[in-house]
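For reference, the structure is listed below as structure tokens.
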Amino acid sequence: LSPAPGAQPLAGRHILVTAGPTHEPIDPVRYIANRSSGRQGFAVAGALARLGARVTLVAGPVTLPTPVGVTRIDVETARQMAEAVEAALPVDAAVMVAAVADWRVEAAGQKVKKDGGAAPSLTLVENPDILARVAAGPDRPRLVVGFAAETEHVVDHAIAKRARKRADWIVANDVSTDVFGGEANAVHLITADGVESWTRMTKDAVAGGLAQRIADALQAPA
Ligand code: CTP
Ligand code: CA
């Protein structure tokens with residue numbers, strides 16, 4: 001059922017969204033990163049705002065305009081994203097769409113130079129799991145939603161991820177076909193009740209459908 005145009009079922013709710021990649025510096029001029037355009041996360045933030053929510057969007061480095069009615073906090077690294085998320089709590093719901101780099105680099109203070117010898121090795125350190133922290137923390141939002149980009153066993157991996165991270169919902173994305181930077185998405189919504197496979201649709205349509213589901217969930221008695 002579609003809401004009446006202009007309906008604001010999320011009025012009075014504060015929702016946190018993470019989006020985009022993180023960049024993890026190797027030295028002052030280089031970084032490693034996850035592939036992410038930020039479009040799906042920005043679309044989710046915009047769709048939630050259109051349903052009346054106060055939206056805080058913590059965004060990694062992307063080149064996208066801020067959706068209307070959204071408060072945006074720009075960050076670069078996973079640790080900065082974790083801090084900004086922590087500072088935004090408490091919220092009614094958190095939707096973690098960001099493609100967070102799983103590891104950061106023990107970065108060099110100065111530009112690493114080619115010296116004619118062996119190529120340098122990178123030492124990687126695991127980043128904090130922002131979603132798992134929020135879901136297990138003292139300010140746990142009523143609804144915690146994660147995204148999972150998978151290339152195989154999409155639904156099985158997402159079901160396992162939902163349990164491991166204590167998320168309420170996981171939106172599982174099949175990225176074995178061309179999704180990154182593209183317009184369309186084929187997603188499965190994994191909840192405590194099971195798996196819903198949505199037809200292939202635009203990222204804006206995924207965002208609109210998810211925002212409406214979030215509104216329904218927050219309207220239900222706690
Ligand atoms: N996530 C996060 N912080 C991290 C890693 C992931 O908040 N350090 C969030 C993502 O924003 C997403 C969800 O966790 O909502 C799933 O991310 P994903 O990379 O698929 O999960 P991982 O646990 O990192 O597993 P994998 O080994 O498949 O990358
Ligand atoms: Ca990961």
Side-chain angles (χ1 to χ4, degrees), residues 15-25 31-45 47-48 55-62 64 72-89 91 93-105 124-137 139-177 179-180 185-191 195 203 206-207 210-211 213-214 217:
I15 304 187
L16 171 70
V17 179
T18 68
T22 65
H23 286 182
E24 309 295 331
Y31 61 83
I32 59 169
N34 275 39
R35 283 180 74 175
S36 168
S37 66
R39 280 154 82 170
Q40 183 65 77
F42 275 55
V44 168
L48 291 165
V55 179
T56 300
L57 171 63
V58 179
V62 294
L64 289 172
R72 171 173 177 177
I73 300 165
D74 284 317
V75 298
E76 184 185 355
T77 68
R79 284 192 293 179
Q80 289 166 359
M81 185 173 278
E83 267 177 40
V85 162
E86 196 72 30
L89 299 177
V91 294
V95 189
M96 311 307 223
V97 198
V100 183
D102 291 316
W103 300 279
R104 65 179 173 275
V105 183
L124 300 181
V125 182
E126 193 165 326
N127 272 328
D129 190 318
I130 302 165
L131 167 56
R133 272 195 188 176
V134 166
D139 283 329
R140 190 191 198 283
R142 183 163 160 206
L143 186 67
V144 177
V145 183
F147 269 65
E150 307 286 355
T151 57
E152 58 177 3
H153 310 302
V154 177
V155 168
D156 288 347
H157 280 159
I159 289 171
K161 220 164 250 184
R162 177 180 172 275
R164 191 169 71 239
K165 291 170 176 272
R166 298 204 228 169
D168 297 297
W169 301 350
I170 293 279
V171 180
N173 211 342
D174 187 343
V175 293
S176 59
T177 53
V179 171
F180 292 111
N185 246 349
V187 303
H188 310 270
L189 179 64
I190 318 283
T191 72
V195 181
K203 291 181 177 180
V206 170
L210 183 63
R213 290 295 288 266
I214 291 170

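The basis for the numbers below is simple: all heavy atoms, side chains too, and nothing from hydrogens, waters or symmetry mates. First listed ligand is number 1; within each ligand, the first listed atom is number 1.
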Met96 neighbourhood, listing ligand 1 atoms whose heavy-atom distance to it stays under 4.0 Å = 11 (O), 12 (C), 15 (O)
Close side-chain approach of Lys165 and Met96, heavy atoms under 4.5 Å | no
Close approach, Arg164 and ligand 1, non-hydrogen under 4.0 angstrom = yes
Close side-chain approach of Leu124 to Ile32, heavy-atom, < 4.5 Å = yes
Side-chain heavy atoms of Val155 within contact of Ile190, under 4.5 Å = yes
Please round to the nearest 0.5 Å and tell me the distance separating atom CG of Leu189 and atom CH2 of Trp169.
-> 6.0 Å
Return a yes/no value: protein heavy atom under 4.0 Å from atom 27 (O) of ligand 1?
-> no
By number and element, which atoms of ligand 1 are closer than 4.0 Å to a non-hydrogen atom of Ala98?
-> 10 (C), 11 (O)
Heavy atom of the protein closest to atom 20 (O) of ligand 1 (residue, atom name, distance) = Lys161 NZ, 2.6 Å
Under 4.0 Å from any heavy atom of Gly146, which atoms of ligand 1 are there?
-> 15 (O)
Measure Ala99 to ligand 1 on non-hydrogen atoms and call it side chain, backbone, both or neither using the 4.0 Å cut-off.
-> neither
With side chains defined as the heavy atoms from C-beta onward, is the minimum distance between Tyr31 and Glu24 less than 4.5 Å?
-> no
The atoms of ligand 1 lying under 4.0 Å from a heavy atom of Asp102, numbered in the order shown, are 5 (C), 24 (O), 29 (O)
Any chance you could measure His23, atom NE2, to Met81, atom CE, to the nearest 0.5 Å?
-> 10.5 Å
Heavy-atom contacts with Phe147 under 4.0 Å: which atoms of ligand 1 show up? List them by number with element.
-> 12 (C), 13 (C), 15 (O), 16 (C), 17 (O)
Counting only heavy atoms, which portion of Ile170 has something under 4.0 Å from ligand 1: side chain, backbone, both, or neither?
-> neither
What are the atoms of ligand 1, with element, lying closer than 4.0 Å to any heavy atom of Leu131?
-> 2 (C), 7 (O), 9 (C), 13 (C), 14 (O), 15 (O)
Determine which pairs satisfy salt bridge (Lys or Arg N to Asp or Glu O under 4.0 Å) with at least one residue from residues 78-88, sequence neighbours left out, and list them in order.
-> none
Does the side chain of Arg140 come within less than 4.5 Å of Asp168's, by heavy atoms?
-> yes
Looking only at protein heavy atoms, identify the closest one to atom 3 (N) of ligand 1 and say how far it is in Å.
-> Ile130 N, 3.0 Å
Would you call Val62 and Pro21 a side-chain contact if the rule is heavy atoms closer than 4.5 Å?
-> yes
With heavy atoms only and a cut-off of under 4.0 Å, state how Lys165 meets ligand 1: side chain, backbone, both or neither.
-> side chain
Which residue and heavy atom of the protein sit nearest atom 8 (N) of ligand 1, plus the separation = Pro128 O, 2.8 Å
Leu210 and Val187: CA distance, side-chain angles, deciding distance, side chain to side chain contact (heavy atoms under 4.5 Å, CB included) verdict | CA-CA 11 Å; Leu210 183 63; Val187 303; over 6 Å; no
Measure the distances from the heavy atoms of Ala78 to every atom of ligand 1 and state whether one is below 4.0 angstrom.
-> no
